[in-house]
Chemist: 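Here's a structure for you.
All values below come from the heavy atoms of this structure, side chains included, with hydrogens, waters and symmetry mates left out. Letters go in sequence order (proteins before strands), and every chain restarts at 1.
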Number of protein chains: 2
Amino acid sequence: MDTFVDQQGSELAFNVMDQFCPSRVVLQRIGDKWTPLVFQALKQGVLRFSELRSAIGGVTPKVLTQTLRSLERDGLVSRTVYAEVPPRVEYRLTELGVSLLEPLDAVRAWAETHAGSVLTSRDAFDDA
Amino acid sequence: MDTFVDQQGSELAFNVMDQFCPSRVVLQRIGDKWTPLVFQALKQGVLRFSELRSAIGGVTPKVLTQTLRSLERDGLVSRTVYAEVPPRVEYRLTELGVSLLEPLDAVRAWAETHAGSVLTSRDAFDDA
DNA sequence: CAGCATCCTAAACGATACTG
DNA sequence: CAGTATCGTTTAGGATGCTG
């Protein structure tokens, strides 16, 4: 288990409940708007930029690029450029990325399974 | 499995990769900035507003209220008001909320376990 | 105690157009 | 093909002060 030094100078184990713990930043990174969708797309293996773009409905090139750069920076996705014309760029999950696949996939599956219940609850709440 | 009607009028199973699928909204709701932290706090059982607030470092009352209202609306958290002076309000996970606890907890655990690796990768990327 | 009201900023996101 | 550049919008989130 890693540790960090908090505001009081104490050395503490990583804990998302601490306002200044780096793990909270990481948690929010992997829970952003597009990351779970990129992971879902890359579950099947290697994809090119345009393939990712069409796999993820509604994502613009700018935002997809930003998301992929962040994931690359965080060591979750690797980017391979082939010196061809036209250019070809391939994205795949790193080993670290693969380790995150199962947790993110569980959340995605929950969303798809229970979206109906949530929407029903939402309607009932709004009627009241 | 629930279904929804997409832009072409077809009836499809819930799928977060579809831009117009309601499950995507649900996914983004449960992956927002504070929801995973509220769940982590409520894992232990019932908490009052002020207890939640101090359990989640750095959250302001306004944002915590907003988050809790959304979770209540979505049927994930229940809110109980006691007619006392001073007022007492208790929050707890609903049955639906409990079903989401395990997936969210897995993501939280991943963040705490691998935050060190992510930060290391980030530093290396920024040096290059 | 548990919030609500108000104002404000930062940043994420999106639309469009263009390029090596 | 795989982006970048620029601009504009939206909205989450924060600071502060007040109330039943």
Side-chain angles (χ1 to χ4, degrees), chain A residues 7 16-20 24-38 41-42 46-74 77-92 125, chain B residues 7 16-21 24-38 41-42 46-74 77-92 122 125:
Chain A
Q7 294 297 96
V16 294
M17 304 306 275
D18 187 303
Q19 183 178 181
F20 302 104
R24 183 181 285 191
V25 178
V26 172
L27 177 61
Q28 280 156 14
R29 184 84 263 304
I30 64 186
D32 84 346
K33 187 168 183 179
W34 300 105
T35 294
L37 303 180
V38 169
L42 289 181
V46 181
L47 288 180
R48 303 177 61 162
F49 185 85
S50 55
E51 292 169 331
L52 267 170
R53 196 181 162 187
S54 62
I56 304 173
V59 70
T60 60
K62 192 192 89 172
V63 170
L64 182 56
T65 299
Q66 284 174 351
T67 304
L68 289 168
R69 284 291 187 287
S70 291
L71 293 175
E72 189 191 0
R73 176 171 181 254
D74 289 351
V77 161
S78 74
R79 176 174 180 268
T80 311
V81 183
Y82 295 89
E84 303 171 355
V85 179
R88 181 164 57 102
V89 180
E90 288 182 348
Y91 293 90
R92 80 193 69 207
F125 188 92
Chain B
Q7 295 297 97
V16 294
M17 303 306 275
D18 187 303
Q19 183 178 181
F20 303 103
C21 179
R24 183 181 286 192
V25 178
V26 172
L27 177 60
Q28 281 158 13
R29 185 85 263 306
I30 64 185
D32 85 346
K33 187 169 183 177
W34 300 105
T35 295
L37 304 179
V38 169
L42 290 181
V46 181
L47 288 179
R48 304 177 60 163
F49 186 85
S50 54
E51 292 169 331
L52 266 170
R53 196 182 162 186
S54 61
I56 303 173
V59 70
T60 60
K62 192 194 91 171
V63 170
L64 181 56
T65 299
Q66 284 175 351
T67 303
L68 290 169
R69 282 292 186 288
S70 292
L71 293 175
E72 189 191 1
R73 176 170 180 255
D74 289 350
V77 161
S78 74
R79 175 173 180 268
T80 311
V81 182
Y82 295 89
E84 303 172 354
V85 179
R88 180 164 56 104
V89 180
E90 288 183 347
Y91 293 91
R92 80 193 68 206
R122 205 171 273 198
F125 188 91

Chemist: Nearest whole Å is fine: how far is C:dG3 C1' from B:Glu90 CD?
Modeler: 16 Å

Chemist: Can you tell me the distance, in whole Å, between the CH2 atom of A:Trp34 and the P atom of C:dC13?
Modeler: 8 Å

Chemist: Any idea which heavy atoms bring B:Val16 and B:Arg24 closest together, and the distance?
Modeler: O-NE, 2.9 Å

Chemist: Check every atom of C:dA2, C:dC4, C:dG14 against the side chain of A:Thr60 and return the nucleotide holding the closest atom.
Modeler: C:dG14

Chemist: I'd like to check B:Leu42 versus B:Arg92 (side-chain heavy atoms, cut-off strictly below 4.5 Å). Are they in contact?
Modeler: no

Chemist: For the pair made of CG in A:Asp32 and P in C:dA11, what is the distance, rounded to whole Å?
Modeler: 15 Å

Chemist: So, A:Thr35 side chain and A:Gly31 main chain: donor-acceptor pair closer than 3.5 Å or not?
Modeler: no

Chemist: Within the structure shown, what part of the strands sits under 4.0 Å from A:Arg53 by heavy-atom distance: base, sugar-phosphate, or nothing?
Modeler: nothing

Chemist: Given atom CD of B:Gln28 and atom C1' of C:dC13, what is their separation to the nearest angstrom?
Modeler: 11 Å

Chemist: If I take atom OG1 from residue B:Thr60 and atom CZ from residue B:Arg53, how far apart are they, to the nearest 0.5 angstrom?
Modeler: 7.5 Å

Chemist: D:dA12 P sits how many Å from B:Leu37 CG, rounded?
Modeler: 17 Å

Chemist: For A:Pro87 and for A:Gln66, find the nucleotide of DNA chain C with the closest heavy atom, then tell me which residue's nucleotide is more 5'.
Modeler: A:Gln66

Chemist: Does D:dA12 have OP1 or OP2 under 4.0 Å away from a side-chain N or O of B:Arg29?
Modeler: no

Chemist: Quick one: which of D:dA2, D:dC1, C:dA2 gets closest to the side chain of A:Ser50?
Modeler: D:dA2

Chemist: Would you classify A:Lys62 as touching base, sugar-phosphate or nothing, given that sugar-phosphate means primed atoms plus P, OP1 and OP2, and contacts are heavy atoms under 4.0 Å?
Modeler: base

Chemist: Nearest whole Å is fine: how far is D:dA2 P from A:Ile56 CD1?
Modeler: 14 Å

Chemist: Choose from C:dC4, D:dG13, C:dG14 the nucleotide whose nearest atom is closest to any side-chain atom of B:Thr65.
Modeler: C:dC4

Chemist: Respond yes when some side-chain nitrogen or oxygen of B:Arg48 is under 4.0 Å from OP1 or OP2 of C:dG3, and no when none is.
Modeler: no

Chemist: Any side-chain N or O of B:Arg69 less than 4.0 Å from the OP1 or OP2 oxygen of C:dC4?
Modeler: yes

Chemist: Need one value for A:Tyr82: base, sugar-phosphate or nothing, where a base atom within 4.0 Å counts as base even if backbone is also close, heavy atoms only.
Modeler: nothing

Chemist: Considering just the side-chain nitrogens and oxygens of A:Tyr91, establish if one lies under 4.0 Å of OP1 or OP2 belonging to D:dC1.
Modeler: no

Chemist: Only one of A:Tyr91, A:Phe49, A:Trp34 passes side chain to side chain contact (heavy atoms under 4.5 Å, CB included) with A:Leu64; say which it is.
Modeler: A:Phe49

Chemist: When the distance from NZ of A:Lys33 to C1' of D:dG13 is rounded to whole Å, what number comes out?
Modeler: 16 Å

Chemist: Would you kindly give the CG-to-P distance between A:Leu64 and D:dT4, to the nearest whole Å?
Modeler: 11 Å

